[in-house]
J.: 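My structure is below; once you've seen it, I'll send some questions.
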Number of protein chains: 2
Amino acid sequence: MHRTDTEAALRGASLRVTGPRLAVLDTVGDHPHSDAGTVARLVRARLGAVSTQAVYDVLRALTEAGLVRRIEPEGSPARYERRVGDNHHHVVCRSCGAIEDVDCATGSAPCIGASDDHGFAIDEVEVVYWGTCPRCREA
Amino acid sequence: MHRTDTEAALRGASLRVTGPRLAVLDTVGDHPHSDAGTVARLVRARLGAVSTQAVYDVLRALTEAGLVRRIEPEGSPARYERRVGDNHHHVVCRSCGAIEDVDCATGSAPCIGASDDHGFAIDEVEVVYWGTCPRCREA
DNA sequence: TCTTTTACTTGAATCACTCCAGAAAAGTGG
DNA sequence: CCACTTTTCTGGAGTGATTCAAGTAAAAGA
């Protein structure tokens, strides 16, 4: 049933259903904010050998289809999460790099208006909260 | 007089005053949102030969000293700007990568409260507005 | 000026990611 | 169910940004 959900998601995005895609999508769902290398390791744990390129290709395909969201916090490789369509944001720990989701403070996207948009047509606002996570604060 | 300002800034941060540092700091001030490679080219135009590593080292030292701010928009190399201490944000063009400054919509830092901070001690909020710049919209 | 400390140079390495060409598998029309 | 087209996966090489390491040079302090 979990597998069937995932399969439906792929078909709904008119993407072919393959082992690697199912595994990547499930993995990203189960381990949000993983980078490509971590996803690759987890996928291999499920399926056996899967090439690194396949993982990158799949992540890109899923990202372009809107099934997965790619976030790229400074100083760390790109990370992926299964997106819910809401526009939530992230808290990032400065020392350990941990990431947690944060609901948008002011409701719907784009959640803040720019004071001067320089003539840009703004379609998305991305917010990153930088700080220290509880665990790192103890050290 | 320009040079003296820059020198004072370095001394104020208790950094040694060297040719590469003066040139990098001036360059970042004159060409905001430049990446390391661009800074290197511009610095070489002023000083002659300067190693790439020197530029990276200087940019890091300046960043750590708080004289320069490093921003890292997704999909592009890190960019640097001379920071004013205000917490302003950025609009980024999706197609050409152009970056412009945007003053914070709601005043002083951190300009928005997270709805659930997961116990993190938040010290900075970074906002990126994604859109299309006027020039790219015509194409 | 002399010494100590810090910065710069050269060269190589790493890391995340991409490109390429060919083999394999998924969807499609008969 | 089968041939066919399209898309995906594999393996290997390549790229661009950034960093590491060892030695030389230059700035700050005595």
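In the text below, chain A, chain B and the rest are named by the order of the sequence lines, each starting its count at 1.
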J.: Any side-chain heavy atom of B:Glu81 sitting closer than 4.5 Å to one from B:Asp101?
T.: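 They are in side-chain contact.
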
J.: Taking A:Arg21 for its side chain and A:Arg16 for its backbone only, find out whether a donor-acceptor pair lies under 3.5 Å.
T.: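 Checking the backbone N and O of A:Arg16 against the side chain of A:Arg21, a donor-acceptor pair under 3.5 Å is found.
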
J.: For C:dT6, does either OP1 or OP2 sit under 4.0 Å from a side-chain N or O belonging to B:Thr18?
T.: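 Answer is no, no contact under 4.0 Å.
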
J.: Side-chain contact, heavy-atom cut-off 4.5 Å: A:Ile122 with B:Thr132?
T.: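 In short, these two side chains do not touch, never coming nearer than 4.5 Å.
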
J.: Treating Ile, Leu, Val, Met, Phe, Trp and Tyr as nodes and any side-chain heavy-atom pair under 4.5 angstrom as an edge, say whether A:Leu10 and A:Val55 lie in one connected cluster.
T.: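 They do share one cluster, since a chain of ILVMFWY contacts under 4.5 Å joins A:Leu10 to A:Val55.
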
J.: Side chains of B:Thr52 and B:Arg44 only: does a donor on one sit below 3.5 Å from an acceptor on the other?
T.: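 A donor-acceptor contact under 3.5 Å links the two side chains.
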
J.: Report yes if a side-chain nitrogen or oxygen of B:Arg16 is closer than 4.0 Å to either non-bridging phosphate oxygen (OP1 or OP2) of C:dT5; otherwise report no.
T.: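 B:Arg16 to C:dT5 OP1/OP2: no side-chain N or O under 4.0 Å.
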
J.: Please determine whether a side-chain nitrogen of the Lys or Arg among B:Asp30 and B:Arg46 lies less than 4.0 Å from a carboxylate oxygen of the Asp or Glu.
T.: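 Answer for the salt bridge query: yes.
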
J.: Going 5' to 3' along DNA chain D, which are the first and last nucleotides with any atom under 4.0 Å from a heavy atom of chain B?
T.: D:dA17 to D:dA28

J.: For A:Arg137, look at atom CZ and say whether over 12 heavy atoms of other residues, nucleotides or ligands are found less than 6.0 Å away.
T.: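 Yes - once you tally the heavy atoms of other residues, nucleotides and ligands closer than 6.0 Å, there are more than 12.
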
J.: Find which nucleotide of DNA chain D each of A:Ser51 and B:Gly37 is nearest to by heavy atoms, and output the residue with the more 5' nucleotide.
T.: A:Ser51

J.: Check whether the side chains of B:Arg79 and B:Ser76 place a donor and an acceptor atom closer than 3.5 Å, and report yes or no.
T.: yes

J.: Hey, are A:Asp35 and A:Thr38 close enough side-chain-wise for a donor-acceptor pair under 3.5 Å?
T.: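 There is such a pair (donor and acceptor under 3.5 Å, judged by atom type) between the side chains of A:Thr38 and A:Asp35.
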
J.: Using heavy-atom distances to pick each residue's nearest nucleotide on DNA chain D, tell me which of B:Leu15 and B:Gln53 is more 5'.
T.: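 Looking at the nearest nucleotide for each, B:Gln53 comes out on the 5' side.
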
J.: Give a yes-or-no answer on whether the side chains of A:Arg11 and A:Thr6 include a donor-acceptor pair shorter than 3.5 Å.
T.: no

J.: With rounding to the nearest 0.5 angstrom, report the CZ to CZ distance, B:Phe120 to A:Arg94.
T.: 12.0 Å

J.: Please list, by residue number, the residues of residues 54-64 of chain A whose heavy atoms come closer than 4.0 Å to an atom of DNA chain C; answer none if no residue qualifies.
T.: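 Correct list: A:Tyr56, A:Arg60.
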
J.: Go through residues 65-79 of chain B and report each residue with a non-hydrogen atom lying under 4.0 Å from DNA chain C, sorted by number.
T.: none

J.: On DNA chain C, does the nearest nucleotide to A:Val17 precede the nearest nucleotide to A:Ala36 from the 5' side, or the other way round? Give the residue.
T.: A:Ala36

